[in-house]
Amino acid sequence: MEKRRLILASASPRRREILADMGLRFQVLPACGEEKLETADPVEAVKSLALQKAREVADRTKEPALVIGSDTVVASGHKILGKPQDKEDAFRMLKELQGASHMVYTGVAVIDTVTGGLLVHFAEGTKVSMYPMTDAWIRSYIGTGEPMDKAGAYAIQGGCMPYIREIQGEYTTVVGFPAARFYQELLKMGVDLQKPEEEEYYEF
Ligand SMILES: Cc1cn([C@H]2C[C@H](O)[C@@H](COP(=O)(O)OP(=O)(O)OP(=O)(O)O)O2)c(=O)[nH]c1=O
């Protein structure tokens with residue numbers, strides 16, 4: 001048994017919030033490199049991008065830790081939608097997604113800095129169906145600025161909420177971090193993240 005800290009390799013406030021809501025104690029150390037999208041397959045893409053983020057931070061971490069990297073994309077037909085480049089890009093994305101169904105994939109990679117090994121590596125997918133949107137609504141939503149740092153140019157947890165018809169799969173996968181799948185995968189590896197003690201180290 002050795003003690004390890006939990007480090008979230010992400011600048012995303014959503015991911016931070018989800019981990020905190022689960023009652024976990026962790027540090028935040030965002031990856032600063034530009035990750036490279038190496039495949040057109042969305043599942044492989046989010047797994048690879050999550051791993052690149054975890055690897056970059058794990059390489060900089062001197063202490064025993066479990067480093068969590070994560071990445072989210074939207075897949076519509078054969079297209080992968082990341083964050084919009086500008087307002088027109090956001091408009092094109094929402095035009096494509098409205099009145100239809102798409103998939104949101106979030107990949108997670110957990111690296112153990114003690115062994116350098118990959119403890120957990122998976123992608124979770126959730127299907128999202130949207131009600132139709134008018135061009136005027138899309139423009140006013142983009143005007144709020146909210147879509148600009150979100151994959152697929154929308155936030156299910158924010159202003160896009162009134163247009164979400166149905167989801168199939170974990171809600172948190174869409175927001176950026178599949179909480180239950182992450183917890184269950186670590187449980188399988190012998191790490192229980194919801195232990196009662198009020199301390200910041202996890203043993204396994
Ligand atoms: C579809 C959707 C995405 N998102 C967010 C989740 C992710 O934060 C973001 C996709 O960008 P990512 O590149 O996955 O993550 P990030 O740049 O925000 O953070 P980091 O790379 O440091 O980990 O889109 C929502 O918040 N709500 C949604 O409904």
Side-chain angles (χ1 to χ4, degrees), residues 6-21 26-39 42-58 60-61 67-76 79-85 89-90 92-98 100-111 121-131 133 138 141-142 144-179 181-182:
L6 211 53
I7 296 177
L8 176 63
S10 172
S12 161
R14 278 82 53 175
R15 298 200 169 111
R16 213 174 299 172
E17 227 171 87
I18 290 169
L19 288 190
D21 285 350
F26 58 97
Q27 291 186 333
V28 178
L29 203 57
C32 42
E34 265 304 296
E35 298 81 30
K36 290 184 202 76
L37 189 67
E38 287 152 340
T39 161
V43 168
E44 290 313 312
V46 291
K47 284 177 72 177
S48 161
L49 292 164
L51 180 58
Q52 291 174 52
K53 291 177 190 179
R55 183 70 69 200
E56 201 231 288
V57 172
R60 285 193 271 136
T61 303
V67 179
I68 308 161
S70 185
D71 198 86
T72 302
V73 299
V74 164
S76 175
K79 269 181 254 165
I80 293 185
L81 310 179
K83 295 176 190 172
Q85 312 244 309
D89 201 21
R92 274 191 296 273
M93 288 184 183
L94 287 166
K95 257 321 244 187
E96 156 124 18
L97 300 179
Q98 61 87 32
S101 300
H102 62 270
M103 291 295 295
V104 181
Y105 294 100
T106 295
V108 175
V110 180
I111 292 175
H121 198 198
F122 66 87
E124 188 71 19
T126 292
K127 186 177 174 188
V128 178
S129 306
M130 289 179 164
Y131 287 106
M133 298 166 186
I138 294 175
Y141 181 44
I142 292 168
T144 67
E146 183 179 271
M148 303 317 292
D149 66 341
K150 312 286 186 307
Y154 74 92
I156 193 171
Q157 73 276 29
C160 206
M161 208 182 279
Y163 284 90
I164 307 298
R165 186 195 289 267
E166 191 182 348
I167 76 165
Q168 270 171 275
E170 242 194 280
Y171 170 77
T172 51
T173 297
V174 187
V175 186
F177 196 80
R181 174 83 187 271
F182 167 75

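What's counted below: heavy atoms across the whole structure, side chains too, no hydrogens, waters or symmetry copies. Values in this document were obtained by computation on a predicted structure and should not be read as measured data. Numbering of ligands and ligand atoms starts at 1, following listing order.
Near Q157, with a cut-off below 4.0 Å to any heavy atom, the atoms of ligand 1 are 25 (C), 26 (O), 27 (N), 28 (C), 29 (O). In the vicinity of I156, heavy-atom distances shorter than 4.0 Å reach the ligand 1 atoms 27 (N), 28 (C), 29 (O).
Here the straight-line distance linking atom CE of M148 with atom NZ of K150 works out to 10.5 Å at 0.5 Å rounding. Summarising the geometry, atom CZ belonging to F122 is positioned 9.0 Å from atom OG1 belonging to T106; distances are rounded to the nearest 0.5 Å.
For S76 and E96, the side-chain atoms include at least one donor-acceptor pair closer than 3.5 Å. In this model, no donor atom of one side chain and acceptor atom of the other lie less than 3.5 Å apart for S70 and R14.
For atom 6 (C) of ligand 1, the nearest non-hydrogen atom of the protein is V175 O, 3.2 Å. Shortest contact from atom 22 (O) of ligand 1 to any protein heavy atom: A11 N, 2.6 Å. Regarding atom 16 (P) of ligand 1, its nearest protein heavy-atom neighbour is K83 NZ, 3.4 Å. With hydrogens left out, the protein atom closest to atom 21 (O) of ligand 1 is K53 NZ, 2.5 Å, a heavy atom. At the top of the distance list for atom 3 (C) of ligand 1, counting protein heavy atoms only, stands V174 O, 3.4 Å. Atom 8 (O) of ligand 1 has as its closest protein heavy atom R14 NH2, 2.9 Å. When only non-hydrogen protein atoms are considered, atom 13 (O) of ligand 1 lies nearest to D71 OD1, 3.3 Å.
The distance criterion of under 3.5 Å between nitrogen or oxygen atoms is not met by G176 with respect to ligand 1. Close N/O approach between A151 and ligand 1 is found [any backbone or side-chain N/O within under 3.5 Å]. The shortest N or O to N or O distance between K150 and ligand 1 is not under 3.5 Å. Where the criterion is an N or O separation shorter than 3.5 Å, residue side chain and backbone included, V104 fails it with respect to ligand 1.
The closest approach between any non-hydrogen atom of A155 and ligand 1 is below 4.0 Å. Contact between D149 and ligand 1 is present, with at least one heavy atom of the residue lying under 4.0 Å from the ligand.
In this structure, the side chain of E170 engages the main chain of R181 through a donor-acceptor pair within 3.5 Å. The closest donor-acceptor contact from the side chain of T173 to the backbone of T126 lies at 3.5 Å or more, if one exists at all. Side-chain atoms of T61 come within 3.5 Å of backbone atoms of V57 as a donor-acceptor pair (strictly under, hydrogens ignored).
The heavy atom nearest to atom 15 (O) of ligand 1, considering only R15, E35, E17, is found in R15. Comparing heavy-atom distances from atom 20 (P) of ligand 1 across G152, G158, S10, G82 singles out S10 as nearest.
Using a 4.5 Å cut-off on side-chain heavy atoms (C-beta onward), Y141 and I138 make no contact. Side-chain atoms of F182 and I68, non-hydrogen and from C-beta on, do get closer than 4.5 Å to each other. Residues F177 and V108 form a side-chain contact, since some pair of their non-hydrogen atoms from C-beta on lies under 4.5 Å apart. Between R165 and M130 the shortest side-chain heavy-atom distance does not fall below 4.5 Å.
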